There are 2 protein chains.
Amino acid sequence: MEKVTMADVAKAAGVSKSTVSQYLNNRFEYMGEKTKQKIEEAIEALGYQPNYIARSLKQKRTSMVGIIVANIMHYFSTEVSRAIEDYCNHHDLHAIVCNADDDPEKEKKYIDMLRAKQVDGLIIFPTGQNNQLYENMIRQGYPVVFVDRKVQNLSVFSIVTDNRESTNRAIQQFVAKGHRRIAFAVQPLKVSTRTERFEGYQQAMKDAGLEINPDYVIESDIPGMKSKLEELFSLEERPTAIFAGNDRVFLEVVRCLRDKGLKIGQDIELVVFDNIPFAQVVETPVTFIIQPASEMGTKAAELLFEQINKVDREPEEFVFPSKLV
Amino acid sequence: MEKVTMADVAKAAGVSKSTVSQYLNNRFEYMGEKTKQKIEEAIEALGYQPNYIARSLKQKRTSMVGIIVANIMHYFSTEVSRAIEDYCNHHDLHAIVCNADDDPEKEKKYIDMLRAKQVDGLIIFPTGQNNQLYENMIRQGYPVVFVDRKVQNLSVFSIVTDNRESTNRAIQQFVAKGHRRIAFAVQPLKVSTRTERFEGYQQAMKDAGLEINPDYVIESDIPGMKSKLEELFSLEERPTAIFAGNDRVFLEVVRCLRDKGLKIGQDIELVVFDNIPFAQVVETPVTFIIQPASEMGTKAAELLFEQINKVDREPEEFVFPSKLV
DNA sequence: TTGTAAGCGTTATCAG
DNA sequence: CTGATAACGCTTACAA
């Protein structure tokens with residue numbers, strides 16, 4: 001199987017390899033009509049399929065870009081990825097996505113692997129724990145765009161949301177509705193998105209003249225969140241409103257509320273940072289902070305494309321606004 | 001950037017390319033301890049990274065496999081893909097997934113593209129409209145596994161669910177609960193999954209001695225489904241139960257019911273073929289027909305892996321049972 | 001307008 | 001134990 005090469009086609013058509021190559025690359029300018037036809041027939045007859053690997057080796061470009069998402073379980077990641085893929089499709093690139101699973105080791109493994117595979121550039125949702133590695137890439141001038149999370153002290157293109165401000169607004173809204181006991185649940189504060197959201201919460205509470213009750217702040221990974229939430233909702237003075245740091249936290253919160261028999265919108269109000277596709281359909285009275293995922297993805301792809309094509313410009317940070325729904 | 005090659009390492013270490021190659025491929029058997037160290041240092045110093053493209057060209061294998069899903073919007077597809085990816089990860093393969101978007105043209109494009117990229121094998125959720133193409137691949141002995149949908153007259157490994165039987169059981173359950181007006185909503189009956197589910201419905205109705213009311217059978221693509229559903233629920237004699245052909249149909253049904261102010265489980269009962277992750281969390285009284293997606297994915301990957309490694313055996317069809325939840 | 005030949009960065013074969 | 005040397009399948013000057 002899979003053995004017919006350009007040389008075979010050339011032989012069959014009675015021309016040379018280079019001529020076939022010309023043909024394949026649509027350099028018809030100087031090609032005789034009959035040669036063209038002979039080649040066409042030969043290709044058809046032999047069922048020839050070009051070998052991109054060989055071509056890539058020569059051209060030093062693979063027309064592939066890598067996307068490394070921190071965790072594919074977030075709907076936001078898949079939305080952004082989809083937008084990137086769309087952009088790539090329209091620009092003769094192929095995007096291949098890898099899931100770092102919030103694990104810096106895996107992230108490193110994928111970065112190395114993709115670079116070994118010679119992908120032309122990388123869009124990364126960084127775990128934030130591989131600064132040395134990031135730095136090397138940047139220094140070497142390798143095309144990279146960071147998405148979602150900021151990394152300190154790195155001169156690189158990045159695409160983020162106004163995490164602090166939008167969280168702030170959401171909490172303000174709670175306050176305006178008369179809530180005083182406002183809880184905040186989030187995964188470990190190890191990346192910029194989470195710390196910024198937390199800062200937004202703190203700021204809003206402070207501005208409202210409200211003390212933050214430490215019992216109302218849950219910082220835990222997903223597996224451990226359930227038990228902490230249970231404690232929270234078992235408190236004498238239960239919170240009347242809660243902010244869920246992202247979609248996965250949200251799921252835990254909803255599960256826990258259901259188990260406790262608490263009704264969302266009635267016993268407790270809920271804001272979640274991120275879009276939850278299905279939730280919009282059922283009548284759950286939840287406020288969503290929605291990031292413009294596809295615009296962000298498109299922008300990221302654009303910036304990467306520019307870098308791949310050697311457009312030189314100073315790295316910038318693009319902050320997209322998110323909106324409450 | 002990215003220019004240091006094996007030759008550079010060889011020069012720096014004062015050895016030949018072949019020796020470096022040995023080193024990289026862990027052929028230490030006959031290698032001197034000092035050469036080993038020199039190479040190690042040289043690699044470190046130069047920041048050398050091997051070029052997989054060149055290696056692939058030589059070895060005629062890329063350690064990549066392609067997954068072409070009919071439509072990535074189905075949760076089932078992503079579950080299966082994830083299982084395949086897991087398997088691949090454990091077997092030094094990289095899976096790259098493409099979305100045919102239910103479009104045979106795109107499917108063909110992706111098959112051609114992936115083969116041009118020399119992926120070692122393909123797992124396909126076939127659109128079913130490219131039989132000629134499928135046949136060619138099989139005939140050439142190219143490693144392929146089909147998932148989810150059957151394709152007629154093709155000697156190929158395939159992984160499917162017992163669509164007919166499980167739909168049948170679901171409808172029987174409706175009947176047992178006393179339902180008589182049972183509707184069936186599905187996308188165009190162009191692929192085996194849908195026709196089989198429909199047959200399951202027909203059979204169950206027949207066995208129960210119930211006439212099928214043509215008004216109760218909705219066959220439409222997703223964009224057109226909304227209006228047809230509206231008609232259905234506006235009928236004088238509304239159905240009391242409805243079967244949704246898959247998750248996307250389900251979403252349309254739920255939307256429509258909400259708009260009509262009908263309560264699921266109260267005004268109408270609902271079965272859906274497929275898993276809906278979020279729906280399980282909220283208290284929606286829906287029955288799900290759940291396919292063992294990850295087992296199916298793993299099996300598919302296994303079969304592909306065997307073929308890639310030239311294990312010769314007769315193609316088989318594997319039918320997995322799904323269960324009502 | 002088409003052919004020749006030299007790479008691209010590896011691996012594989014076979015001497016030394 | 002290590003090193004030449006020839007592929008792998010394609011592109012691209014340059015020559016004809």
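Just so it is clear: chains get the letters A, B, ... in the order the sequence lines come, proteins before strands, and each one is counted from 1. Bear in mind that the values here come from a model prediction, so they are computed numbers and not experimental data.
Ion pairing between A:K299 and A:E302 holds under the 4.0 Å rule for side-chain N and carboxylate O. Residues B:K108 and B:D112 are paired through a salt bridge, judged by an N-O separation under 4.0 Å between the basic side chain and the carboxylate.
Residue B:Y52 places its OH atom among 12 or fewer non-hydrogen atoms of other residues, nucleotides or ligands, all under 6.0 Å distant. The number of heavy atoms from other shown groups lying within 6.0 Å of NZ (A:K11) does not exceed 12. Environment of CD in A:E105: sparse, with no more than 12 heavy atoms of neighbouring residues, nucleotides or ligands closer than 6.0 Å.
Between A:S16 and C:dG3 there is a side-chain N or O to OP1 or OP2 distance below 4.0 Å. Between B:Y48 and C:dT10 there is a side-chain N or O to OP1 or OP2 distance below 4.0 Å. Proximity of B:T5 to the phosphate of C:dT10: a side-chain N or O atom is located under 4.0 Å from OP1 or OP2.
A residue-by-residue look at B:T35 and B:Q59 shows that B:T35 has its nearest nucleotide of DNA chain D further toward the 5' end. Comparing B:G14 and B:L57 against DNA chain D, the residue whose closest nucleotide sits nearer the 5' end is B:G14.
To the nearest angstrom, P of D:dT2 lies 20 Å from NZ of B:K11. Separating the NZ atom of B:K17 from the C1' atom of C:dT11 is a distance of 9 Å, rounded to the nearest angstrom. Atom C1' of nucleotide C:dG3 and atom CE of A:M6 are separated by 12 Å, given to the nearest angstrom. Between B:K60 atom NZ and D:dA7 atom P the separation is 13 Å, expressed in whole Å. Atom CG of A:D8 is separated from atom P of D:dG9 by 9 Å (rounded to the nearest Å). The distance between atom CZ of A:R115 and atom C1' of C:dG9, rounded to the nearest whole Å, is 16 Å. Summarising the geometry, the separation between CD1 on A:I43 and C1' on D:dG9 is reported as 14 Å, rounded to the nearest angstrom. The nearest whole Å value for the distance from the CZ atom in B:R55 to the C1' atom in D:dG9 is 18 Å.
Note on A:S21: a base of the nucleic acid sits closer than 4.0 angstrom, heavy atoms only.
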Under 3.5 Å, which N/O atoms of the protein pair with N/O atoms of nucleotides 13-16 of chain C?
none

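Relative to the axis of its first five pairs, the axis of the last five pairs of the helix from C:dT1-D:dA16 to C:dG16-D:dC1 sits at 40°, rounded to 10 degrees.
Between A:R149 and A:R194, the closest side-chain pair of non-hydrogen atoms falls below 4.5 Å. Side-chain contact between B:C98 and B:K106 is absent, with no heavy-atom pair separated by less than 4.5 Å.
Atom CG of A:L133 is separated from atom CD1 of A:I111 by 4.5 Å, given to the nearest 0.5 angstrom. Of the inter-residue distances, the one linking B:S158 atom OG with B:M296 atom CE reads 10.0 Å to the nearest 0.5 angstrom.
Applying the 3.5 Å distance criterion, the base of C:dG7 shares a donor-acceptor pair with the side chain of A:K58.
Panel note: side chain B:N99, backbone B:I72; a donor-acceptor pair is recorded below 3.5 Å.
Nearest to the side-chain atoms of B:N25 among the listed nucleotides C:dT10, D:dC10, C:dT11 stands C:dT11.
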